[in-house]
Amino acid sequence: MEKKAVFNDSGIEIKEVYSQNDLPEMIYEIPGHFPFTRGVQASMYRGRLWTMRQYAGFSTAEESNKRYHYLLKQGVMGLSVAFDLPTQIGYDSDHPLANGEVGKVGVAIDSLEDMEKLFAGIKLEEVSTSMTINASGFILLAFYVALAKRQGADLKKLAGTIQNDILKEYAARGTYIYPPKPSMRIITDIFEWCSKEVPKWNTISISGYHIREAGSTAAQEIAFTLSNGKAYVKAAIDRGLDINIFGKRLSFFFNAHNNLFEEVAKFRAARRMWAKIMKSMGATDDKALMLRFHTQTGGSTLTAQQPLNNISRVTIQTLAAVMGGTQSLHTNGYDEALSLPTEEAARIALRTQQITAFESGVADTADPLAGSYYVEKLTTQMEEEAGKIMQQIDNMGGSVSAIESGFMSDAIAASAYEYQRKIENGEKIIVGVNKFTINETHKTTLFKVDEKIQQSQILSLNNLKEKRNQAKAMESLEKLSAVIKTTENIMPYVLEAVESYCTLGEIADCLRKEFGEYGK
């Protein structure tokens, strides 16, 4: 009987057995040393565990604040904020295009006042906060910094991340506002300003997560993500910034799927590739060569059918992220294919990380899969496969050109189609979906957002505009509008507008008038 070939999702053929013959020149790499294949720290989790985050944000700032306090009591080490769609694309809650979307997929933040409510009772100097925000990321960062100043925090100690990765929005996700070139100007302004004002802040989280969610393979995920990273680095160098300074504040955001070894190899290959890329672009400081990354378990892998099965999937993905050397991790709730996670689902997701950390033993040694014939060979193959794709992008002139030509979006769409085709014809088994199905008689309790919150958010917005110093607010917006036309850094002016209680929509509109909107 002829044996059927086995391939992983990146199209790499998997051999029946691996041996030392697959590694004729074994690379003896050390954790914490270039090219960091085995991890960015010498002892990895023996020295410090990864940061356990839970992504939360829904409805109003007050409701999200309750969830944050709950998560902190459960042992979360860092907060990750989800924003609603109007906030993500720079619209206040009273904008006509915000109708029906306020507070739905994240929290509605219209002003500094909302940020004050969001973090009430939480000292920003004592937590690390990751904000999944891109096109309007510069405004949310200003809200956060303004609140920290009001709390009397030392801005030099402020720790966290804004995603701020606009290139993947054009390729995979779609929550962009401005065209690519002015968007890159905003990002380099953030790099420059943060290096002076909030030096511990991660100024960008270059995201492969959404690229993978849109249907890419693991190899495409790292190829497109690292190509985007190169584009940001080049823009910063062209701005005159020091790669050894801003390079230390770059971070990445990857997905974790169910093929354990493919995912571990992906993370290891990405670290090795990025170290070589940064070295070739002039970085000499070890910390600027390190690829540090946050991981979120795969949202697209969760199934609405037999949702409790998702706990097992998230556990496998957690192991992949940890054995791949992640610096922080968010684990999805088992019910997220159906709704926002309930408190029970969020707690189980966090407990999955805690059990992995304290009971599984995988944190006891750095890179526990190092030396595996299979994992080492697969790491090299992932690097080679991703390298071929990156060379195609380089030949086009880089990420911006590849995005504008449609290369990235077309490649992602083709991979997504092929993956779905395999599910539908049974080549790929999804437990509970196309095999091992049951007639489900019970229903999972769902989390629902109150439809009335839009009106309460609009009422708060109107009250804010009535009580603020209107002349001061308008003056700060005029200053911002003027500086946009120059090459001066916009961030000090955005912060001034925020502290004058200008709204997110008002600030975003200043830039819309000058830059226009992408696709319009």
Side-chain angles (χ1 to χ4, degrees), residues 9-12 134-135 163-188 191 204-239 241 243 246-247 250 252-255 266 269-283 291 381-419 515-520:
D9 289 336
S10 292
I12 296 170
N134 298 287
Q163 190 165 102
N164 196 32
D165 175 8
I166 200 62
L167 292 179
K168 66 94 175 50
E169 296 295 331
Y170 304 117
R173 192 161 175 265
T175 57
Y176 42 71
I177 303 175
Y178 317 109
K181 285 187 174 65
S183 293
M184 294 294 278
R185 180 253 175 112
I186 295 168
I187 286 169
T188 52
F191 286 0
I204 193 167
S205 177
I206 306 160
S207 176
Y209 184 85
H210 303 94
I211 290 168
R212 192 69 177 281
E213 288 292 285
S216 81
T217 66
Q220 287 173 331
E221 180 187 354
I222 55 173
F224 294 161
T225 305
L226 299 188
S227 291
N228 288 347
K230 283 175 65 177
Y232 293 125
V233 171
K234 185 178 183 303
I237 291 171
D238 290 347
R239 179 71 171 265
L241 303 183
I243 192 172
F246 76 78
L250 303 177
F252 289 79
F253 175 25
F254 289 120
N255 210 311
K266 176 189 78 178
R271 262 196 304 274
R272 185 190 290 167
M273 293 174 74
W274 185 246
K276 293 176 182 176
I277 288 166
M278 289 294 276
K279 194 170 188 178
S280 72
M281 297 183 82
L291 184 147
Q381 289 176 305
M382 289 294 290
E383 180 180 9
E384 291 169 351
E385 190 67 25
K388 291 175 191 173
I389 301 168
M390 290 187 74
Q391 187 59 56
Q392 286 181 279
I393 293 169
D394 286 344
N395 292 343
M396 295 176 193
S399 271
V400 175
S401 297
I403 288 165
E404 289 176 341
S405 71
F407 171 77
M408 286 193 189
S409 55
D410 289 349
I412 293 167
S415 295
Y417 173 82
E418 181 62 14
Y419 186 84
F515 297 150
E517 293 185 73
Y518 184 66
K520 290 187 180 180

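Below, each value reflects all heavy atoms present in this structure, side chains not excepted, and no hydrogens, waters or symmetry copies. What you are looking at is a predicted structure, and each value in this text was computed from that prediction instead of being measured.
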Worksheet item: Roughly how far apart are Leu167 CG and Ile403 CD1, rounded to 0.5 Å?
Response: 4.5 Å
Worksheet, complete the sentence: Sorted by chain and residue number, the side-chain contact (heavy atoms from CB on, under 4.5 Å) partners of Ser409 (sequence neighbours excluded) come out as none
Discussion item. Once side-chain hydrogen bond (donor to acceptor under 3.5 Å, both in side chains) is applied, do any residues pair with Thr225, and if so which ones, sequence neighbours excluded?
Written reply: none
Fill in: Taking every non-hydrogen atom, the tightest pair across Met184 and Ala235
CE-CB, 3.8 Å
Worksheet item: What pairs with Tyr176 under ring pair (Phe, Tyr, Trp, His ring centres under 6.0 Å), at least two apart in sequence or on another chain?
Response: Tyr170, Tyr518
Worksheet item: Would Lys181 and Phe515 count as a side-chain contact (heavy atoms from CB on, under 4.5 Å) if you check the C-alpha gap in whole Å, the side-chain angles of each, and the deciding distance to 0.1 Å?
Response: CA-CA 9 Å; Lys181 285 187 174 65; Phe515 297 150; over 6 Å; no
Discussion item. Suppose the criterion is side-chain hydrogen bond (donor to acceptor under 3.5 Å, both in side chains): which pairs have a residue in residues 228-237, not counting sequence neighbours?
Written reply: Asp165-Tyr232, Asn228-Ser399, Lys230-Asp394, Lys234-Asp238
Practice prompt. Can you spot which of Leu291, Ile393, Ile206 makes a side-chain contact (heavy atoms from CB on, under 4.5 Å) with Leu226?
Written response: Leu291
Worksheet, complete the sentence: Minimal heavy-atom distance between Ala386 and Met273, with the atoms involved, is CB-CE, 3.8 Å
Fill in: Minimum-distance pair of heavy atoms, taken over all atoms of Gly215 and Ser415
O-CB, 3.2 Å
Discussion item. When you compare the side chain of Ile222 with that of Trp274, does any pair of heavy atoms fall below 4.5 Å?
Written reply: no
Fill in: salt bridge (Lys or Arg N to Asp or Glu O under 4.0 Å) involving Glu213 - partner list, sequence neighbours excluded
none
Item to complete: For residues Asn134 and Lys168, determine if any side-chain heavy atom of one lies less than 4.5 Å from a side-chain heavy atom of the other.
Response: yes
Item to complete: Take Thr217 and Glu385 through the side-chain contact (heavy atoms from CB on, under 4.5 Å) test and state the conclusion after the steps.
Response: CA-CA 11 Å; Thr217 66; Glu385 190 67 25; over 6 Å; no
Item to complete: For Ser405, check side-chain contact (heavy atoms from CB on, under 4.5 Å) against everything at least two apart and list the hits.
Response: Met396, Phe407
Worksheet item: Quick one: side-chain contact (heavy atoms from CB on, under 4.5 Å) partners of Lys279, sequence neighbours excluded?
Response: Phe34, Leu289
Worksheet item: Between the side chain of Ser10 and the main-chain N/O of Ala219, is any donor-acceptor distance below 3.5 Å?
Response: yes
Worksheet entry | Non-neighbouring partners of Glu384 that pass salt bridge (Lys or Arg N to Asp or Glu O under 4.0 Å), sequence neighbours left out | none
Fill in: With Arg185 via salt bridge (Lys or Arg N to Asp or Glu O under 4.0 Å) - residues at least two apart
Asp189
Worksheet item: In Å and rounded to the nearest 0.5 Å, what is the CE to CD1 distance from Met408 to Ile412?
Response: 7.5 Å
Fill in: Side-chain donor/acceptor of Ser207 to backbone N/O of Tyr209, under 3.5 Å
yes
Worksheet item: Does Ala411 have any side-chain contact (heavy atoms from CB on, under 4.5 Å) partners at least two apart in sequence or in another chain, and if so, which?
Response: Gln220, Phe224
Worksheet item: Between the side chains of Glu221 and Ser216, is a donor N or O closer than 3.5 angstrom to an acceptor N or O?
Response: no
Discussion item. Let's go through Leu250 and Val233 carefully: what are the C-alpha distance in whole Å and the side-chain angles of both, what is the deciding distance for side-chain contact (heavy atoms from CB on, under 4.5 Å) to 0.1 Å, and is it a yes or a no?
Written reply: CA-CA 9 Å; Leu250 303 177; Val233 171; 3.7 Å; yes
Worksheet entry | Gap separating the NE2 atom of His210 from the CD atom of Gln163, nearest 0.5 angstrom | 5.0 Å
Worksheet item: What residues form a salt bridge (Lys or Arg N to Asp or Glu O under 4.0 Å) with Lys276, not counting sequence neighbours?
Response: Glu383
Response to the item:
Residues at least two apart in sequence or cross-chain that pass side-chain hydrogen bond (donor to acceptor under 3.5 Å, both in side chains) with Glu418, listed by chain then number, are Arg421
Fill in: Nearest atoms (heavy-atom pairs only) where Ile243 meets Ile237
CD1-CD1, 4.1 Å
